[in-house]
Amino acid sequence: MNHKKEQKFAGNMSRRVFYLSLQACINALVIGVVAKALVLLISLITNLSFYGKFSFEEAGPAGNRLGMLVIIVPIIGSLIVGVMARFGSKAIRGHGIPEAMENIIGNESKIPPVITLLKPLSAAISIGTGGPFGAEGPIIATGGAIGSFTGQVIHISSAERKVLLAAGACAGMAAIFGSPLAAILLAIELLLFEFSPRSVIPVAIGCIAGAGMHILLFDSTPVFAMPPIPAVTDIALVTYVLMGAIIGVVAAYVSKSVYFVEDLFEKLPIHWMWWPALGAIAVGVTGYFAPHTMGVGYDNIKTLLTGNAPLALLVSLCVLKYLSWVISLGSGTSGGTLAPLFTIGGAFGALLGVAVMHLFPGSGINIATAALIGMAAMFAGASRALLTAIVFSLETTGQTHGLLPLIAACTAAYFVSFFLMKGSIMTEKIRRRGVATPEEYTPDMMQLINVAAVATNPPVALEEETTQAQAHQLLQTVFYHYRYLPVTDKTGHFKGYINRQHLSAGNNTPLRDLLESSAPYLYPADDINLVTELFDSYPPDILAVLDAGKKLTGIVTADAVLRIYGERRKATAKYHSAFYGNTRLLRLMARGKRLLARP
């Protein structure tokens, strides 16, 4: 007799979660050190490239005195990155999160170990020579690579390796920004594709450890500390919602433009190794006229959040930073998206705020708050990581009064971008490669259906004393197309299965001598996941359903499982159809979508 109950493995599952959590914590400590090393390496390369000095002191390209020579610096850096990608690993190209998602979905969460070294090094060269990126994307990719590597070394399942990959990636984000809760939400919204204790606990512990390393190695104050902002009024809240909707439109087109530029580079008749150098020309030329557009640019975000940034700087960071970033990222160099999106969004939000205050002085909005919701709404609209955008903005600024405007504006941006984009800036790249990402996280339907819902009465009841000849004759009178049959004793207690192919018309051997060696069975309260597990592990194409006394009460077939699954799916579809059954409403929504989609 065979009956597996998941509860029997509860202790084992708890141990696995404990070991994964311990490994995630150890990985996070290492990733925190790597994050600090990456920041120092970026500073060193920046000082060498723009100031000609060997120093790890934090510096940005904006204060350089190279003149026209500043155009050459990003080109040199991008040539090096192109060579590293060509002869090292092509996987270092891009901004990290899409590549991590692709490895989780299609490669059993296995990332080549060489990425652990090449990704932060290439990113440091790209950013240190003026690339308009943030350090968070490369460290997220590196953290994921470290988590994947340790998962491969200790030989765990792909599901557990996915947890370590996500924990490592998000520990990197927490180590850079000191935002553990936002990092946990990023894992849930973009990497894990599930919400369960076995995944969230290790990820949370990894993110807490990463945030602890941020306090130890960086600082304990908010990364983007800003002056206190006033509590929002009702009129200001409505204004922020409308601003969020406008930013959502911009976010959709910003995301589309990245892949439009990528498509243009794909058409070039030269090897992709040279593309980053071509993209760097735009970085250098833009940097010559607007030096603040080069490099990491975290100082730019801080300036925007003061609410006192000059109008010329706002336009520069909104337009020129966007052009520099989108061309460089589209060329396939190594860098992140979060900081550029926050910079562009913050500048655009501040510009909207200036315009609104000029046109509607009584709106009650605040420029600093407008910049805050601009950066968060841009990220929410582009990445579809709504909760991450809101919480990240709160954690990195410490502005509790910003919670309501952030929720309102980010939700509006998310709503609008949902209708304008099929995917997001994080998923479009892998979607084009044929890799589908989950769009919604719903409970496992198979866990919500129990055996009682699919069990049927056995059409044939055979006893162990019945002879082969009698069974063979009985099967001639009953329609039964399954290969195996259940067998009971005289009192109805289940004894096992027989294979009908072993029955002989002229043989009087009792059925008890033909019973299969394995006899899996079910109880009415078992879920369908256990049914599929038993079907996969044992040869019978039917499963006996027993009561508490081990008496046969029914059977379950694969056909019944598929039928009930299809019925539940149809029921869900009918619900949505009924909800949107008003055809006039549908036409109005479609017309509105077309209006929004017009260029």
Side-chain angles (χ1 to χ4, degrees), residues 177-179 181-182 221-251 254 292 297-319 321-322 338-382 386-417:
F177 292 116
S179 55
L181 182 53
T221 58
V223 175
F224 303 131
M226 60 183 292
I229 59 177
V232 65
T233 64
D234 52 354
I235 299 177
L237 182 61
V238 174
T239 306
Y240 291 137
V241 170
L242 296 176
M243 291 172 63
I246 296 172
I247 294 167
V249 175
V250 175
V254 165
H292 288 283
Y298 293 155
D299 287 341
N300 293 330
I301 297 176
K302 294 177 182 178
T303 302
L304 291 171
L305 292 176
T306 63
N308 298 317
L311 188 62
L313 179 63
L314 295 180
V315 175
S316 172
L317 293 179
C318 181
V319 179
K321 176 79 172 183
Y322 161 71
L338 195 150
L341 284 174
F342 270 76
T343 303
I344 297 165
F348 184 69
L351 285 173
L352 277 180
V354 171
V356 169
M357 291 185 68
H358 177 72
L359 297 173
F360 307 102
S363 61
I365 68 167
N366 173 271
I367 297 298
T369 308
L372 178 64
I373 68 159
M375 53 189 269
M378 181 67 74
F379 183 72
L386 173 65
L387 299 179
T388 301
I390 295 170
V391 175
F392 179 85
S393 301
L394 286 177
E395 286 187 301
T396 55
T397 62
Q399 296 297 314
T400 55
H401 282 163
L403 178 59
L404 188 56
L406 283 169
I407 294 174
C410 289
T411 302
Y414 186 102
F415 176 84
V416 171
S417 70

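Remember, predicted model here, so these are calculated numbers, not experimental data.
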Inset, instruction - Could you tell me how the ring of Phe177 sits relative to the ring of Phe224: parallel (under 30°), tilted (30 to 60°) or perpendicular (over 60°)? - result: tilted
Inset, instruction - Taking the side chain as every heavy atom from C-beta outward, state whether Val232 and Ile365 have any atom pair closer than 4.5 Å. - result: no
Inset, instruction - Answer yes if the ring centres of Phe342 and Phe392 are under 6.0 angstrom apart, and no otherwise. - result: yes
Inset, instruction - Not counting sequence neighbours, which residues clear side chain to side chain donor-acceptor pair (under 3.5 Å) with Thr369? List them please. - result: Asn366
Inset, instruction - Compare every heavy atom of Ala412 with every heavy atom of Ala245, then report the nearest pair and how far apart it is. - result: N-CB, 3.7 Å
Inset, instruction - Examine distances only and state if a side-chain atom of Thr411 and a backbone atom of Ala408 form a donor-acceptor pair shorter than 3.5 Å. - result: no
Inset, instruction - Grab the two heavy atoms, one from Gln399 and one from Met226, that are nearest each other, plus how far apart they are. - result: NE2-O, 3.1 Å
Legend entry - Spatial distance of atom NE2 (His401) from atom CG (Leu372) [nearest 0.5 Å]: 13.0 Å
Inset, instruction - Report yes if some heavy atom in the side chain of Leu304 is under 4.5 Å from a heavy atom in the side chain of Met375; otherwise report no. - result: no
Legend entry - Heavy-atom pair with the smallest gap, counting every atom of Met378 and Ile344: CE-CG2, 4.4 Å
Legend entry - Gap separating the CG atom of Leu403 from the CG atom of Leu394, nearest 0.5 angstrom: 5.0 Å
Inset, instruction - Indicate yes or no: at least one non-hydrogen side-chain atom of Ile246 is less than 4.5 angstrom from one of Phe348. - result: yes
Legend entry - Spacing of CG belonging to Leu404 relative to CG belonging to Asp234, to within rounding of 0.5 Å: 10.5 Å
Inset, instruction - Measure the spacing between CD1 of Ile229 and CD1 of Ile373 and express it to the nearest 0.5 Å. - result: 10.0 Å
Inset, instruction - Taking all non-hydrogen atoms of both residues into account, name the closest pair between Gly307 and Ile367 and its distance. - result: O-CG2, 3.7 Å
Legend entry - Positive for side-chain contact (heavy atoms from CB on, under 4.5 Å) with Thr303, one of Thr343, Leu313, Leu314, Leu317: Leu313
Inset, instruction - Taking side chain to side chain donor-acceptor pair (under 3.5 Å) as the test, write out the residues that go with Thr397, two or more places apart. - result: none
Legend entry - Main-chain N/O of Ala312 paired with Ser316 side-chain donor or acceptor, under 3.5 Å: no
Legend entry - Closest contact, heavy atoms only, Gly362 versus Ile235: O-CG2, 4.1 Å
Inset, instruction - Could you grab the distance from atom OG1 of Thr306 to atom CD1 of Ile301, nearest 0.5 Å is fine? - result: 12.5 Å
Inset, instruction - Might you point out which heavy atoms bring Ala377 and Cys410 nearest each other, and give the distance in Å? - result: N-SG, 3.7 Å
Inset, instruction - Measure the spacing between CD1 of Ile247 and CZ of Phe379 and express it to the nearest 0.5 Å. - result: 14.5 Å
